Amino acid sequence: MNDDGRWTPAMRRALELARGGRFRVEPNPLVGAVVLDAVGRVAGEGWHDAYGGAHAEPAALTAAGDAARGGTLVVTLEPCAHSAKKTPPCIDAVLLSGVARVVIGAPDPNESTVGRAAARLREAGIDVVSNVEREPCERLIARYAAHRGTDLPWTIAKWAMTADGRTADAAGASRWISGPVSRTLVHEIRGRVEAVVVGPGTVAADDPRLTARDAPPSGLPPACRVVIDS
């Protein structure tokens, strides 16, 4: 079944929900889901909130309950068709829910799932709509896709600069170019990554601590502090 645009609002809501798991689900992907009942009303919502926790589809279907029967499941990523380390395959919950249609944003890059879930849904007589808002759905799982397809680390580049493209004044001095909101975000990211990397110039100029201080504790081990110098 082809997308005719009617599923776009629900998919955009699913994308919004998925971001609720940011910095908590890794190395799993961010996923959001919305269940519409048989007449198109929102019956349930869910997202993958934390690594090891319920995935988006079961969460949304549980919230919807019996209202899911004959309805539509809108999900940003193809439901997993394999047993994960901590959770059963989502496809089983989808098949048991009684939904008549599944709308998928992006295929799962996991070789154990890609295409398999959609095939099983069709075999069960469930309509499948694919590639709805595919580009933003794929951007959402960029970390996960990189993790599946390469041995290289996912790298986040961070810097602060003034409107004229500078990072310090003429004397080389600078402080708080960025604002409190962005500084809190930086510390939140530091609390969720495995390493924080700087060059020797940053160390000489700022003597940074490279720790996560101004954000709620993540519960993860502190990031390794790395200085790359010749």
Side-chain angles (χ1 to χ4, degrees), residues 9 11-34 45-56 59-60 63 75-77 86 105-106 133 135-148 150 152-229:
M11 186 62 75
R12 289 178 177 172
R13 174 57 180 165
L15 281 161
E16 181 183 349
L17 292 167
R19 297 184 184 100
R22 189 180 60 175
F23 305 130
R24 292 196 298 274
V25 305
E26 290 81 2
N28 288 347
L30 293 168
V31 183
V34 174
E45 297 181 337
W47 63 95
H48 186 26
D49 184 60
Y51 179 70
H55 286 189
V75 60
T76 57
L77 185 67
K86 297 180 180 292
E133 295 288 284
E135 185 176 342
C137 287
E138 288 185 328
R139 287 200 302 269
L140 184 73
I141 61 165
R143 288 190 187 195
Y144 172 70
H147 172 69
R148 300 299 312 180
T150 176
L152 297 175
W154 180 262
T155 303
I156 302 169
K158 177 268 175 186
W159 68 94
M161 68 183 185
T162 57
D164 60 355
R166 305 295 181 179
T167 59
D169 62 20
S174 66
R175 184 165 179 80
W176 303 141
I177 292 175
S178 55
V181 174
S182 61
R183 290 199 297 275
T184 298
L185 177 60
V186 166
H187 282 265
E188 183 179 356
I189 293 173
R190 285 184 186 177
R192 299 287 176 179
V193 298
E194 294 178 287
V196 180
V197 183
V198 295
T202 297
V203 174
D206 298 336
D207 190 22
R209 283 181 279 175
L210 305 180
T211 56
R213 304 179 300 279
D214 300 327
S218 67
L220 300 174
C224 178
R225 294 175 291 178
V226 180
V227 179
I228 296 179
D229 195 355

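Please read these numbers as outputs of a predicted model, since none were measured by experiment. Values reported hereafter were calculated over all heavy atoms of this structure, with side chains retained and with hydrogens, waters and symmetry mates removed.
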Quiz item: Do side-chain atoms of E135 reach the backbone of E133 as a donor and acceptor pair under 3.5 angstrom?
Solution: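 It does not hold such a pair.
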Quiz item: Is T76 reaching over with its side chain to a backbone N or O of G32, donor-acceptor style, under 3.5 angstrom?
Solution: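 Indeed, once roles are kept as given, a pair shorter than 3.5 Å links the two residues.
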Quiz item: Would you call E16 and R12 a salt bridge, taking side-chain N to carboxylate O under 4.0 Å as the test?
Solution: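 No.
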Exercise. Salt-bridge test for R13 and E45: reply yes if a basic N is under 4.0 Å from a carboxylate O, no otherwise.
Key: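 The answer is yes: the pair qualifies as a salt bridge.
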Does [X] reach the side chain of [Y], with side-chain heavy atoms less than 4.5 Å apart?
X	Y	value
R166	I177	no
L140	R19	yes
I156	R143	yes

Shortest non-hydrogen separation from [X] to [Y] and the atoms involved:
X	Y	value
I228	P200	O-CD, 3.0 Å
H48	A50	CE1-O, 2.9 Å
H55	N28	NE2-ND2, 4.3 Å
Y144	P27	CD1-O, 3.4 Å
A56	A33	O-CB, 3.8 Å
R190	V196	CG-CG2, 4.0 Å

Quiz prompt | Rounded distance [0.5 Å steps], CD1 in I189 versus OG1 in T184 | solution =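 The distance works out to 11.0 Å.
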Quiz item: Atom CG of L77 and atom SG of C137: how far apart are they, to the nearest 0.5 Å?
Solution: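 The SG atom of C137 is 8.0 Å from CG of L77, to the nearest 0.5 Å.
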Self-check item: Intermediate values then yes/no, side chain to side chain contact (heavy atoms under 4.5 Å, CB included), E188 and R22
Solution: CA-CA 10 Å; E188 183 179 356; R22 189 180 60 175; 4.3 Å; yes
Quiz item: Residues in side chain to side chain donor-acceptor pair (under 3.5 Å) with S182, at least two apart?
Solution: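 Result, side chain to side chain donor-acceptor pair (under 3.5 Å) vs S182: none returned.
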Distance-only donor-acceptor pairs under 3.5 Å for side chains of residues 201-213, two or more places apart:
from	atom 1	to	atom 2	distance (Å)
T211	OG1	R213	NH1	2.8
R213	NH1	T211	O	3.4

